[in-house]
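Below is one structure, written out as structure tokens, with a few remarks after it.
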Amino acid sequence: MRAALAHPCTHFPLEYPYLMTPLTNDLFLRACLRQPVERTPVWMMRQAGRYLPEYRATRAKAGDFLSLCKNPDLACEATLQPVDLVGVDAAILFSDILVIPEAMGMELTFLHGEGPKFPVPIRTTADVIALPVPDPMVELKYVMDAIALVRKNLAGRVPLIGFSGSPWTLATYMVEGGGSKSFSVIKKMLFDNPQALHQLLGKLADAVAAYLNAQIASGVQAVQIFDTWGGVLTTRDYSEFSLDYMQRIIDQLTREHEGRKVPVILYTKGGMGWLEQIAATGCDVVGLDWSIDIDQAKARIGNKVALQGNMDPAMLYATPDRIRAEVRDILTRFGSGDGHIFNLGHGITPDVPVDHARAFIQAVKEESPAFHQQGSLP
Ligand code: CP3
């Protein structure tokens, strides 16, 4: 057993100078900016989650998932768990993409085993007009409080990533009323009432930009936009209904804070056909799913942006030896040089053995120095 968390999250005076603490491991931030690193940094999408027994215990303390998101002390605890227990090179704030629509006044429930539900979805132009744009410092203050606590408790060990859903991905949940397989309701709106959908996406883009800027002001050191459902669109519709609104966000983002650049990561699952367009938004990093070989992605956009990814998350069910072989293969495909952040192609799944997650992180740490200039390893 590993030792219990060494840095319990406790309240601290707001004037605590956590923004002044230098980073002892900034490999992730350097790799995002394609600067030299001694080894490839690694983290996992959805790294704070149900595969960790410690996470399940923290959620039980909060009562339910949404209460956990809204409790800064416990959200901080969940954020730090994968750093302490699995050894990742970046922390990602524990929260959910759906806190934005909830802050816009939509009732949100997470029923056990059923995923998120909005019992009163957005369906008409009048529904869209009635949606308020939230003030993130008010309606989402609990997120900002969690960020401050995480920065204090990380004490510079690794950088903290903030995030949001893309306008399109948020809209799918708000219009469908929950998760979907066919996206029939939102696609009907896209074809029959595109004006209403554009108005919704515009509101969401401005809400997300304000939210991410508030996260940056509160201390996140990079941001990722999750466009989980961009891949269900046609090429033309992706550009008009997803990418344009992510561009509108990026154009509004604070790109420097605490004397450092704040990298922006854009991840569209199923979007590997559109890498050039994604890289042209001005993002610093493009997130890859596992459907493309990373050498192909590098040949296409590697001279413009850093790449994040892209091991099949299902590989974590395989033996540690097989996982290591896959890590070596992806590192070899990327080749020597900088601008790679190792990650999974999508989130880690709840039934992955923790030992396999640890073996994956360890394999990247041990196999990757050979692909970089020698240096002192953090
Ligand atoms: O990466 C992290 O560790 C940070 C935390 C995080 C969560 N959700 C916690 C969570 C992040 C970055 C998200 C993003 C998110 N949420 C996305 C985009 C990324 C992706 O995976 O595609 C989406 C689409 C959502 C919406 C959402 N939240 C769904 C569909 C579900 C239910 C399905 C599922 O995977 O469980 C959630 C719930 C959720 N969000 C859980 C966690 C840990 C599980 C809830 C629980 O603990 O009971």
Side-chain angles (χ1 to χ4, degrees), residues 45 96-98 100-101 106 115-116 118 121-125 127-128 131 163-209 212 223-252 264-283 285-292 296-297 300-301 304-305 307-310 312-313 344-347:
M45 287 191 273
D96 196 81
I97 63 167
L98 299 178
I100 284 250
M106 292 184 76
F118 289 108
I122 302 295
R123 293 285 160 86
T124 65
T125 306
D127 293 343
V128 174
L131 268 182
F163 71 92
S164 170
S166 72
W168 165 257
T169 291
L170 292 174
T172 63
Y173 289 98
M174 295 163 78
V175 172
E176 297 281 342
S180 176
K181 284 206 164 77
S182 60
F183 299 91
S184 50
V185 185
I186 194 164
K187 285 207 173 184
K188 182 173 165 53
M189 189 194 261
L190 186 156
F191 300 129
D192 289 348
N193 192 1
Q195 299 86 348
L197 185 53
H198 275 303
Q199 210 171 339
L200 174 58
L201 295 168
K203 256 188 190 179
L204 285 170
D206 295 340
V208 167
L212 289 177
V223 294
Q224 174 156 333
I225 301 174
F226 286 91
D227 188 24
T228 304
W229 301 119
V232 305
L233 292 165
T234 65
T235 295
R236 268 169 298 125
D237 290 339
Y238 175 69
S239 166
E240 181 178 342
F241 293 92
S242 187
L243 193 64
D244 279 4
Y245 290 97
M246 294 197 282
Q247 178 80 68
R248 178 156 152 184
I249 294 166
I250 291 175
D251 291 345
Q252 297 180 60
V264 177
I265 309 165
L266 222 62
Y267 166 77
T268 293
K269 183 164 175 284
M272 302 304 99
W274 311 312
L275 290 180
E276 291 78 5
Q277 292 89 322
I278 296 171
T281 55
C283 64
V285 183
V286 172
L288 306 175
D289 67 26
W290 65 94
S291 69
I292 188 168
Q296 299 291 319
R300 283 168 58 189
I301 56 170
K304 277 209 176 68
V305 289
L307 301 177
Q308 177 172 280
N310 67 341
D312 181 351
L344 306 173
H346 194 204

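Because the structure is a prediction, the values reported are computed rather than measured. Atoms considered below: every heavy atom in the structure, side chains included; atoms not considered: hydrogens, waters and symmetry mates.
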Exercise for the section: Would you sort out whether Leu98 and Leu170 count as a side-chain contact (heavy atoms from CB on, under 4.5 Å), showing the intermediate values? Expected result: CA-CA 7 Å; Leu98 299 178; Leu170 292 174; 4.2 Å; yes
Practice task
Return the set of residues passing side-chain hydrogen bond (donor to acceptor under 3.5 Å, both in side chains) with Asp227 (not counting sequence neighbours), or none when no residue passes.
Solution key: Ser166, Thr169, Ser242, Thr268
Exercise for the section: With rounding to the nearest 0.5 Å, note down the distance linking CG in Asn310 to CG in Leu344. Expected result: 9.5 Å
Practice task
Please check if the side chain of Gln224 supplies one atom and the backbone of Ile265 the other of a donor-acceptor pair under 3.5 Å.
Solution key: no
Exercise for the section: Return the set of residues passing side-chain hydrogen bond (donor to acceptor under 3.5 Å, both in side chains) with Thr235 (not counting sequence neighbours), or none when no residue passes. Expected result: Trp274
Handout entry: salt bridge (charged side-chain N to carboxylate O under 4.0 Å, His left out) contacts in which one or both residues fall within residues 179-204, not counting sequence neighbours
Key = Lys188-Asp192
Problem - Minimum heavy-atom distance Val208-Gly165, with the two atoms named - result: CG2-O, 3.8 Å
Practice task
Would you please name every residue forming a side-chain hydrogen bond (donor to acceptor under 3.5 Å, both in side chains) with Gln296, sequence neighbours left out?
Solution key: none
Practice task
Mind checking ring pair (Phe, Tyr, Trp, His ring centres under 6.0 Å) for Trp290 and listing every partner two or more places apart, or none if nothing turns up?
Solution key: none
Exercise for the section: Looking only at non-hydrogen atoms, find the nearest pair between Ile250 and Cys283 and report the distance. Expected result: CD1-CB, 4.1 Å
Practice task
With the side chain counted from C-beta on, respond yes when Thr172 and Val232 share a heavy-atom pair under 4.5 Å apart, and no when they do not.
Solution key: no
Practice task
Would you check if Pro101 and Tyr173 make a side-chain contact, meaning some heavy-atom pair closer than 4.5 Å?
Solution key: no
Handout entry: Residues forming a ring pair (Phe, Tyr, Trp, His ring centres under 6.0 Å) with Tyr267, sequence neighbours excluded
Key = none
Problem - Val264 vs Leu212, side-chain contact (heavy atoms from CB on, under 4.5 Å): CA-CA, chis, key distance, verdict - result: CA-CA 10 Å; Val264 177; Leu212 289 177; over 6 Å; no
Completion exercise
Shortest non-hydrogen pair, Ala209 vs Ile249, comes out as CA-CG2, 4.2 Å
Exercise for the section: Give the intermediate values and the outcome of side-chain contact (heavy atoms from CB on, under 4.5 Å) for residues Ile292 and Leu275. Expected result: CA-CA 11 Å; Ile292 188 168; Leu275 290 180; 3.7 Å; yes
Handout entry: Separation of Ile225 CD1 from Thr281 OG1 (nearest 0.5 Å)
Key = 8.0 Å
Problem - Heavy-atom closest contact (Pro313 atom, Gly345 atom, distance) - result: CD-N, 4.2 Å
Problem - Trp168 side chain to Tyr238 side chain, donor-acceptor N/O pair below 3.5 angstrom - result: no
Exercise for the section: Please round to the nearest 0.5 Å and tell me the distance separating atom CG of Leu204 and atom CD1 of Ile100. Expected result: 7.5 Å
Practice task
Could you pull out all residues at least two apart from Asp206 that satisfy side-chain hydrogen bond (donor to acceptor under 3.5 Å, both in side chains)?
Solution key: Arg248, Gln252
Handout entry: Separation between CE of Met246 and OG of Ser239, rounded to the nearest 0.5 Å
Key = 10.0 Å
Practice task
Enter the distance from Trp229:CH2 to Ile186:CD1 here, rounded to the nearest 0.5 Å.
Solution key: 12.5 Å
Problem - Counterpart residues, side chain to side chain contact (heavy atoms under 4.5 Å, CB included), relative to Thr234 (two or more places apart) - result: Arg236, Asp237
Practice task
With sequence neighbours excluded, tell me which residues meet side chain to side chain contact (heavy atoms under 4.5 Å, CB included) with Ser180.
Solution key: Glu176, Ser182, Phe183
Exercise for the section: Applying ring pair (Phe, Tyr, Trp, His ring centres under 6.0 Å), name anything that partners Phe241, two or more places apart in sequence or on another chain. Expected result: His198
Problem - Heavy-atom donor-acceptor pair, Asp289 side chain to Gly270 backbone, under 3.5 Å - result: yes
Exercise for the section: Let me see the working for Leu131 and Met106 under side-chain contact (heavy atoms from CB on, under 4.5 Å), right down to the final yes or no. Expected result: CA-CA 9 Å; Leu131 268 182; Met106 292 184 76; 4.2 Å; yes
Problem - Test side chain to side chain contact (heavy atoms under 4.5 Å, CB included) applied to Asp127 - qualifying residues, sequence neighbours left out - result: Ile122, Arg123, Thr124
Exercise for the section: For residues Ala171 and Leu200, report the shortest heavy-atom separation together with the two atoms involved. Expected result: CB-CD2, 4.0 Å
Handout entry: Spacing of CD1 belonging to Ile97 relative to CZ belonging to Phe226, to within rounding of 0.5 Å
Key = 8.5 Å
Fill in the blank from the handout: Shortest non-hydrogen pair, Ile278 vs Gly271, comes out as CD1-O, 3.8 Å
